[in-house]
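To start, the structure under review is shown below, and the notes come after it.
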Amino acid sequence: MAEIEQTDPDFEAARARADELTTRILDLRDAYYDRDESLVSDAEYDAMMHELEDIERAYPELAGQDSPTQTVGGKADSTLFAPIVHAERMLSLDNVFSIDEFREWAARVDRAVARPVRWLCELKIDGLAINLRYERGVLTSAATRGDGVTGEDVTENALRIPGIPKRLSGEGHPELVEVRGEVYFPVAAFEELNAEQVASGDRVFANPRNAASGSLRQKAEGKSAKDLDLMRRRLSRLKMLVHGIGAWPDPPVAAQSEVYGLLASWGLPTSDRARVADSIDGVAEFIEHYGEHRHSVEHEIDGVVVKVDELALHDELGATSRAPRWAIAYKYPPEQVQTKLLDIVVSVGRTGRATPFAVMEPVRVAGSVVRQATLHNQDVVKAKGVLIGDTVVLRKAGDVIPEVLGPVVELRDGSEREFVMPRECPECGAVLAPAKEGDIDLRCPNTKACPAQVRGRVEHIGSRGALDIEGLGEVSAIALTPPHGPLTTEAGLFDLTLEDLAMIEVGGERPYRKIVKQARRDAPAEYGPSAAAEELIAELDKAKTKDLWRFLVALNIRHVGPVAARALASYFGSLEAIRAASAAELAAVDGVGPIIAEAVIDWFTVDWHVEIVERWAAAGVQWAIEGHAGPGGASASAGGVLDGLTIVVTGTIEGFTREEAEEAILSRGGKAAGSVSKKTSFVVAGPGAGSKLAKAGDLGIRILDAEEFRTLLAEGPSGL
DNA sequence: CACCCTCGAGTTCA
DNA sequence: CTCGAGGGTG
C-alpha cells in the first residue's frame, strides 16, 4: 500500500465524495440484503455506483479493495459457484471414535510438547463448512470448502445469511483474513422448512445439512418473484458459527479461545458452548455431557472438536498434508432410534436371491430419513427376533447403512405377528428353493423370465462396473423390461430401436417419446423420440466397443465381477477361448479357482445364455481383445513401473475419477485393491477418505496425495 | 487345514 | 459398509 502524498484540493474533494458514496452504498446494500428493503430506486443506486466508479477512474488510488465497486453485492448471478482458491488451504480433521482413541491421541500430543496442554472443546456442527474472506474488514467473498484448496463461490447467497457480517466491526482487522465457519440450519427451522415443503408439495430434505447445502446452492437466475422470495426466506433462516481463522502471522492473542473473543468483538457469531479443559478428563466430561444432550442444542451435532488451545503449540505441532496435528474430531457413535416395523417384504435381486427387508415408519437416524433396511435372509429375521408390528431399534452401521438391531420386547401388545418366508417368488410366483443343499438363501429358479431378475440383470449391465452405459440405470431397467418394456431377456438389449422405446409406458407416462408437432390443440399430435431415447440408443451403440472384461461382467456369470473378469479376459483374450477352456485351464488363471471355473462352464451350458452371446455378436459386439495372442498370451502386466505393487485408492483424487485412477494402476502392471491390508504397498488418499486411511496409518503404509500418485505413475516407486 | 486377503453381492440416500 | 464365501498361502 504505497501512500502517495496528495495535497491537490480536487483530490481532497474527490476523496470526501468517494467516502460519502461508499458509506451510503454499503448502508443501502445492508438494508437490501439484510432486511430486503430497497431504500432507493435501482436507478438511483446505479447512479451512485457510476459516480463512484468515475471518481475511481480519475483517481485510481481511491479504488481500494474495500470499495463497493471492488467488493461483492450486486455482482452478476453468474459468478455463483465459480471456483475460488482459498488463500490458505482448508484442512480437515482426523477422527477418533471412542474416548480411548481420544486419550491415545491426547497422550501423543502431551508427549510431543514440553508443557501442560489446555484443551479447547467445541461442538462439531453438522453443517456446511464456509470460508469468508475479509479484506480491510469488508467481506469480499464466501466460498464452500470444496476439496480444501478450491471451493465454490457462494458469496451472493451468503450475503443473505443474517449472521454473516458484510463489514467487521471493532478494530484491528488484518489486511486480509479468512474466517472459517459452519453454515447450518437450526433443527427447529429445518423442521419448519420441511413442513412447508410438504405443504407446497415440494421434496423434503433428509437432514439439516442437506437443507443448508441445498439452500446455499440455489440460483436466483430465472426464478419468478415468488420463488425468489422463497429462496431468500430460506437463506435468511440459515445460521453460521465461526470456528477458525486462516493464516494470521502475528495474532494479538495467545490462545484459540481468545481468538474467538476477538472474532466476536468483530461482530462474527461464535458459539457460547466452547469450553477450555485443563485435563483430558475434563475433555471426556465435555464429550459425555453432549453425548447425552445432543438434542438440546439448536443445531445437529455429529461430534466434538478438541483443539490445543495455545496458539504457539499449533506451530510446534504442525500439520500433515490433510489435517492439523493440534486438533481432532471425536465422532459420536451411530445414533440409535426406535421406530415401528410395519412389514417385512421380500425382494428378488438380479441373481434371484430372495431378500427380506424391513419396511418401517420413516424415521431420522444419524442424519437421514430411513424407511427400509435389509434383513439379509430368513435366519437373520429369526435371529434378530423381530415380529411385524414390533417397535424396533434401528441404527446406521458405519453411519451409512441402516440396520435393524432388534425388537423392543416390552412394547409388544400381542398384535405382532411372525414373518413367514414366502414359498413363492413375489414377482413371478415360481417356487423358491435353495441353490444347493444346505444353503440358507432361497432363490427364484425362474432365472430367465422372472421380471425381477431380468430387470436386475439389465440394470447391472448398465452399471459402472460392467458396461457403464449412461442412461441405463434403475429407472430405465424398469422401463425396458416386463411388464413395461420389450426385453424379456437381455439378449435383445442391443437390438432395441427408437420405435421399441416409443412404445414403452410406465405409470401412464411414455418416457421415451415426445410431441414433435401438433397443428391445433385438439388435433392429433405427432410423436418422435425423446432426448432420453436418442441418448440411450447412442450410448448402447457406443458400448459395443468396450473392453472384453466389461462384457464378461455384463453376462452376469456367478462370482465373475470386475476383478475375475479382467483376469479371465487378459489371460484368454476372447470369449471363444474362455468358452473352449476346461475347468483346469480356467482355474490356472490367478484369482480363479475351481468354483469360479465351474460357474463359467455351467453358464455356457444354458441355451438362452448362449443366445445372449450370439445376438450381441450379431449386433456388433467383438467378444475379443484385438491383437491378443490367445490363451496364456499377452498378459497386461508386462514390465510396468508398478509391477508387483498393490495400491489402494480412497477418497477423491484430484484429476482422476476412481475408475481412471484404478485404470492407471492396472495399465502399469500394478494391482488396484479395494481394501487395505499388510500386502498393500501404497494408499492413495484424497479428500473424503474414510476408514482405509486410518487402517493404512495403523499398518504404517505410506500414504500418497494426488501429486505423489502422479509421480508414482510416471516414475514408479523409485521416484518418490 | 487354518488363516488372511479379496471379491462379489446386496443395500441406502442425496 | 458389511457380510459371506472363494482363493491362495504357509
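The structure displayed is predicted, hence computed values, not measured ones. So you know, we letter chains A, B, ... as the sequences are listed, proteins then strands, and number each from 1. All values below come from the heavy atoms of this structure, side chains included, with hydrogens, waters and symmetry mates left out.
- With rounding to whole Å, A:Arg371 atom CZ is found 12 Å from B:dT12 atom P.
- Remark: A:Arg350 engages no residue in a salt bridge (charged side-chain N to carboxylate O under 4.0 Å, His left out) (not counting sequence neighbours).
- Rounded to whole Å, atom P of C:dC1 lies 11 Å from atom NZ of A:Lys331.
- Comparing atom distances between the A:Ile595 side chain and each of C:dG8, C:dG7, B:dT12 picks out C:dG7 as nearest.
- A side-chain hydrogen bond (donor to acceptor under 3.5 Å, both in side chains) check over residues 463-478 of chain A, counting only residues at least two apart or in different chains, returns nothing.
- A salt bridge does not link A:Glu182 to A:Lys124: none of the charged side-chain nitrogens sits closer than 4.0 Å to a carboxylate oxygen.
- Put simply, CD on A:Glu403 is 14 Å from P on B:dC13, counting in whole angstrom units.
- Scored by the side-chain hydrogen bond (donor to acceptor under 3.5 Å, both in side chains) test, A:Asp390 finds A:Arg412 as partners (sequence neighbours excluded).
- Applying the salt bridge (charged side-chain N to carboxylate O under 4.0 Å, His left out) test to A:Arg423 and every residue at least two apart in sequence or in another chain returns nothing.
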Self-check item: Under 4.0 Å protein heavy-atom contact, by nucleotide of nucleotides 4-10 of chain B - B base, S sugar-phosphate only
Solution: -SSSSSS
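- When the C1' atom of B:dA14 is taken as reference, atom CG of A:Leu128 falls 14 Å away, rounded to whole Å.
- Taking atom NE2 of A:His376 as the reference point, atom P of C:dT2 lies 11 Å away to the nearest angstrom.
- The nucleotide whose nearest atom lies closest to any side-chain atom of A:Asp590 is, among C:dG7, B:dT12, C:dG8, C:dG8.
- Remark: A:Thr605 engages no residue in a side-chain hydrogen bond (donor to acceptor under 3.5 Å, both in side chains) (not counting sequence neighbours).
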